[in-house]
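Right, one structure below, let's go through it.
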Amino acid sequence: QVQLVESGGGLVQAGGSLRLSCAASGRTFSTYAMGWFRQAPGKEREFVAASSRGGSSTDFADSVKGRFTISRNNAKNMVYLQMNTLKPEDTAVYYCVARRAEAFVTPRIGYDRWGQGTQVTVSS
């Protein structure tokens with residue numbers, strides 16, 4: 001089972017950019033589809049982005065399409081979330097997730113590995 005550790009969160013002004021990183025332990029990283037979820041205060045945890053095991057297929061929540069990209073480096077056991085043109089409504093704790101399958105899914109129940117989360121705060 002992989003262990004996930006996120007980094008790269010912080011405070012940024014609206015319109016700015018951040019790149020979140022997720023480091024995965026273990027030698028089986030390439031067998032996992034990966035994704036990102038987020039949870040804002042008082043709201044449910046929601047899907048943000050996901051990548052298939054090989055990285056050839058990705059998907060994004062409508063709210064972040066065109067602004068966020070997801071990428072992965074299987075040789076380094078890393079997955080990234082590049083966030084551009086950030087908005088105050090992107091403020092949330094962002095979680096890296098994994099499921100041992102080729103394809104990703106969007107429901108949170110589909111992921112059995114979660115990181116501890118990293119805070120992203122976007123000021124207006």
Side-chain angles (χ1 to χ4, degrees):
Q1 296 273 22
V2 294
Q3 303 295 321
L4 306 173
V5 178
E6 304 95 335
S7 61
L11 174 64
V12 63
Q13 288 189 331
S17 298
L18 279 176
R19 188 177 82 153
L20 304 184
S21 299
C22 175
S25 65
R27 295 183 291 178
T28 60
F29 177 74
S30 63
T31 66
Y32 285 79
M34 302 295 296
W36 292 90
F37 279 69
R38 69 185 181 186
Q39 187 167 20
K43 295 188 177 182
E44 292 193 355
R45 202 168 292 189
E46 64 176 2
F47 169 78
V48 175
S51 167
S52 61
R53 191 165 62 189
S56 60
S57 179
T58 60
D59 195 17
F60 300 89
D62 288 343
S63 59
V64 307
K65 278 181 182 176
R67 300 188 297 122
F68 290 13
T69 58
I70 185 171
S71 60
R72 62 189 295 164
N73 185 326
N74 285 350
K76 294 185 177 181
N77 283 16
M78 296 291 295
V79 63
Y80 307 98
L81 184 69
Q82 178 67 44
M83 306 185 295
N84 298 328
T85 319
L86 282 161
K87 304 175 181 180
E89 51 263 44
D90 294 318
T91 295
V93 177
Y94 284 72
Y95 298 90
C96 179
V97 298
R99 69 189 298 262
R100 195 163 190 179
E102 163 63 31
F104 56 80
V105 295
T106 55
R108 56 190 261 190
I109 196 172
Y111 296 89
D112 56 356
R113 307 304 298 175
W114 291 73
Q116 82 289 350
T118 186
Q119 176 70 47
V120 172
T121 303
V122 184
S123 63
S124 57

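Quantities reported herein were computed from a predicted structural model and do not represent experimental measurements. In this chain, residues are counted from 1 in sequence order. Every heavy atom of this structure was used, including side-chain atoms; hydrogens, water molecules and symmetry mates were not.
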* So, Arg72 side chain and Lys76 main chain: donor-acceptor pair closer than 3.5 Å or not? -> no

* **Steps toward ring pair (Phe, Tyr, Trp, His ring centres under 6.0 Å) verdict (Tyr111, Tyr95)** => CA-CA 11 Å; Tyr111 296 89; Tyr95 298 90; over 10 Å; no

* Report yes or no: is the cationic atom of Arg19 (NZ for Lys, CZ for Arg) closer than 6.0 Å to the six-membered ring centre of Tyr80, at no more than 45° off its axis? => yes

* With the 4.5 Å side-chain cut-off for hydrophobic clustering, are Met83 and Val97 part of the same group? -> no

* Structure fact -> To the nearest 0.5 Å, atom CD of Glu89 lies from atom OG of Ser124 at 10.0 Å

* **Val64-Val12 co-clustered via ILVMFWY side chain contacts under 4.5 Å** => yes

* Asked: Using the ring of each side chain (for Trp, its six-membered ring), is Phe47 parallel, tilted or perpendicular to Phe37, with breaks at 30° and 60°?
  -> perpendicular

* If you measure from OG on Ser63 to CG on Asp90, what distance do you get to the nearest 0.5 Å? -> 7.0 Å

* Asked: Donor-acceptor pair, Arg113 side chain versus Val2 backbone, under 3.5 Å?
  -> yes

* Structure fact -> Distance col, row Leu81:CG vs Thr69:OG1, nearest 0.5 angstrom, shows 7.0 Å

* To do: Indicate the atoms forming the closest heavy-atom contact of Gly55 with Ser51, along with that distance.
  => CA-OG, 3.4 Å

* Determine the minimum heavy-atom distance between Trp36 and Val79, stating which atoms define it. => CZ2-O, 3.9 Å

* Structure fact -> Output for pair (Thr28 OG1, Asn74 CG), nearest 0.5 Å, gives 11.0 Å

* Calculate, to the nearest 0.5 Å, the distance between atoms CZ and OG belonging to Arg53 and Ser56 respectively. => 10.0 Å

* Asked: Are side-chain heavy atoms of Asn84 and Gln82 found at a separation under 4.5 Å?
  -> yes

* Single-linkage hydrophobic cluster, 4.5 Å side-chain cutoff, Phe68 and Val122 together -> yes

* Asked: Between atom CE of Met78 and atom OG of Ser21, what is the distance when rounded to the nearest 0.5 Å?
  -> 4.5 Å

* Asked: Are Ile70 and Val105 connected, step by step, through hydrophobic side chains (Ile, Leu, Val, Met, Phe, Trp, Tyr) whose heavy atoms are closer than 4.5 Å?
  -> no

* To do: Say whether, by atom type as modelled, one donor and one acceptor occur between the side chain of Glu6 and the main chain of Gln116 under 3.5 angstrom.
  => yes

* Which atom of Thr91 lies closest to which atom of Ala40, heavy atoms considered -> O-CB, 3.5 Å

* Determine whether Tyr32 and Tyr94 fall in the same hydrophobic cluster, where Ile, Leu, Val, Met, Phe, Trp and Tyr are linked whenever their side-chain heavy atoms lie under 4.5 Å apart. => yes

* Asked: Between the main-chain N or O of Ala50 and the side-chain N or O of Asp59, is there a donor-acceptor pair closer than 3.5 Å?
  -> no

* Structure fact -> In terms of heavy-atom contacts, Met34 and Cys96 come closest through CE-SG, 3.7 Å

* Arg67 NZ/CZ over Phe60 ring centroid, <6.0 Å and within 45° of normal -> no

